[in-house]
S.K.: 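Okay, handing you the structure first.
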Amino acid sequence: MKKIVALLLMTSLAIGIAGCGASGDGNSQGSSSSGSSASAESVSSGETGESSGIKLGMCIPARDQFFSALERSASEKAAELGIELQVVEAKDDISTQISQIENFKNNGFTSVAVALVSTESYQEALNAAGDMNVIFFNRIPSDTSCLDGEKTIYVGMPEIEAGGAQGEWLADYFEESGEKDLN
């Protein structure tokens, strides 16, 4: 199950990163989740109508263009795989995010994917998750010793490598398009 969830996230992250240059206002529609001020979007079954039985909660810090694209990609992939996905936004508030993780645990979710509001709040997130699998993404916990590779993992790349990859992509883009003005 952990591998399916990690695959879902890696695919979503790749699609989300590739989609960052896409046009759009970055807003996402959703319904209010119970007991919190955050929005939530839920996908409950795959295209075939079959459910995998996996319930994945996804906590994002805010709905900016990147996280909105990521949410759309994750929702599409979850529907394809028959994974129930609920996405919540913490509005950049740590206590809201911790409460959302606890809500997922209390509602029987099997795993939670978390882009931490603060990389220092990883332990609070783990405590709130209890026995759920925890996938940190986009923002690596400040202390990586909490990652055991089984129940708690990080999906992403080191910031220096990400910056290098972005720089290479931009250099290739400008070279291929013949752009000389980098305003």
S.K.: Just verifying a value: how many Å separate Ile54 CD1 and Ile83 CD1, rounded to the nearest 0.5 Å?
M.R.: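 Reported to 0.5 Å precision, the distance equals 4.5 Å.
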S.K.: Is the number of heavy atoms from other residues, nucleotides or ligands under 6.0 Å of Asp148 CG greater than 12?
M.R.: yes
S.K.: Measure across Gln97 and Ala115 and return the closest heavy-atom pair with its distance rounded to 0.1 Å.
M.R.: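 Heavy atoms only, the tightest pair is NE2-O, 2.9 Å.
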S.K.: Roughly how far, to the nearest 0.5 Å, is OH of Tyr122 from OH of Tyr154?
M.R.: 15.5 Å
S.K.: Name all residues meeting the side-chain hydrogen bond (donor to acceptor under 3.5 Å, both in side chains) criterion together with Ser145; count only those two or more places apart in sequence or in a different chain, and write none if there are none.
M.R.: Asp143
S.K.: Considering only heavy atoms from C-beta outward, does the side chain of Val134 approach that of Ser111 to under 4.5 Å?
M.R.: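 Of all side-chain heavy-atom pairs linking Ser111 with Val134, none is under 4.5 Å.
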S.K.: If you measure from the Lys or Arg side-chain nitrogens to the Asp or Glu carboxylate oxygens, is any gap between Lys105 and Glu102 under 4.0 Å?
M.R.: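 No, this pair does not count.
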S.K.: Could you tell me which non-hydrogen atom of Ala162 sits nearest to which non-hydrogen atom of Met157, and how far apart they are?
M.R.: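 Looking at all heavy atoms of both residues, the closest pair is CA-SD, 3.5 Å.
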S.K.: Would you give the length of the straight line joining atom NZ of Lys151 to atom CG of Leu126, rounded to the nearest 0.5 angstrom?
M.R.: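 Rounded to the nearest 0.5 Å, the NZ-CG separation comes out at 10.0 Å.
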S.K.: Restricting to side-chain hydrogen bond (donor to acceptor under 3.5 Å, both in side chains), what partner residues turn up for Ser95, sequence neighbours left out?
M.R.: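 Testing Ser95 for side-chain hydrogen bond (donor to acceptor under 3.5 Å, both in side chains), a comparison that skips the adjacent residues, returns Asp93.
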S.K.: Applying side-chain contact (heavy atoms from CB on, under 4.5 Å), name anything that partners Ala125, two or more places apart in sequence or on another chain.
M.R.: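 Residues passing side-chain contact (heavy atoms from CB on, under 4.5 Å) with Ala125: Ile98, Ile101, Leu116, Phe136.
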S.K.: With side chains defined as the heavy atoms from C-beta onward, is the minimum distance between Arg72 and Val87 less than 4.5 Å?
M.R.: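 They are not in contact (no side-chain heavy atoms under 4.5 Å apart), so the answer is no.
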S.K.: Indicate yes or no for a side-chain donor-acceptor contact from Gln86 to the backbone of Gly57 under 3.5 Å, with no hydrogens or angles considered.
M.R.: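 The answer is no, because no donor-acceptor pair under 3.5 Å joins these two groups.
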S.K.: Could you name each residue pair satisfying ring pair (Phe, Tyr, Trp, His ring centres under 6.0 Å) that touches residues 86-114, not counting sequence neighbours?
M.R.: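 Output for this query lists Phe104-Phe109.
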S.K.: Shortest non-hydrogen contact from Leu85 to Ala78?
M.R.: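 Nearest heavy atoms, Leu85 then Ala78: CB-CB, 3.7 Å.
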S.K.: My understanding is that only residues two or more places apart in sequence, or in another chain, count here; which of them pass side-chain contact (heavy atoms from CB on, under 4.5 Å) with Glu176?
M.R.: Asp172
S.K.: For Thr96 and Glu89, which heavy atoms make the closest approach, and how far apart are they?
M.R.: CG2-O, 4.5 Å
S.K.: Looking at OG of Ser142 and CD of Glu120, how far apart are the two atoms once the value is rounded to the nearest 0.5 Å?
M.R.: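 Between Ser142 OG and Glu120 CD, I get 3.5 Å after rounding to 0.5 Å.
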S.K.: To the nearest 0.5 Å, what is the distance between OG1 on Thr119 and CD1 on Ile140?
M.R.: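 Rounded to the nearest 0.5 Å, the OG1-CD1 separation comes to 9.5 Å.
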S.K.: Atom CG of Asp92 and atom OG of Ser118: how far apart are they, to the nearest 0.5 Å?
M.R.: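 Taking CG in Asp92 and OG in Ser118, the distance rounds to 10.5 Å.
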S.K.: Looking at every heavy atom in both Ala129 and Val112, which two are closest together, and how far apart are they?
M.R.: CB-CG1, 4.3 Å
S.K.: Nearest heavy-atom pair of Glu71 and Ile60: which atoms, and what distance?
M.R.: OE1-CD1, 4.1 Å
S.K.: Can you sort out the partners of Gln123 under side-chain hydrogen bond (donor to acceptor under 3.5 Å, both in side chains), two or more places apart, ordered by chain and number?
M.R.: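 Partners of Gln123 under the side-chain hydrogen bond (donor to acceptor under 3.5 Å, both in side chains) test: Asn127.
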S.K.: So does Ile94 get a backbone contact from the side chain of Ser121, meaning a donor-acceptor N/O pair under 3.5 Å?
M.R.: no
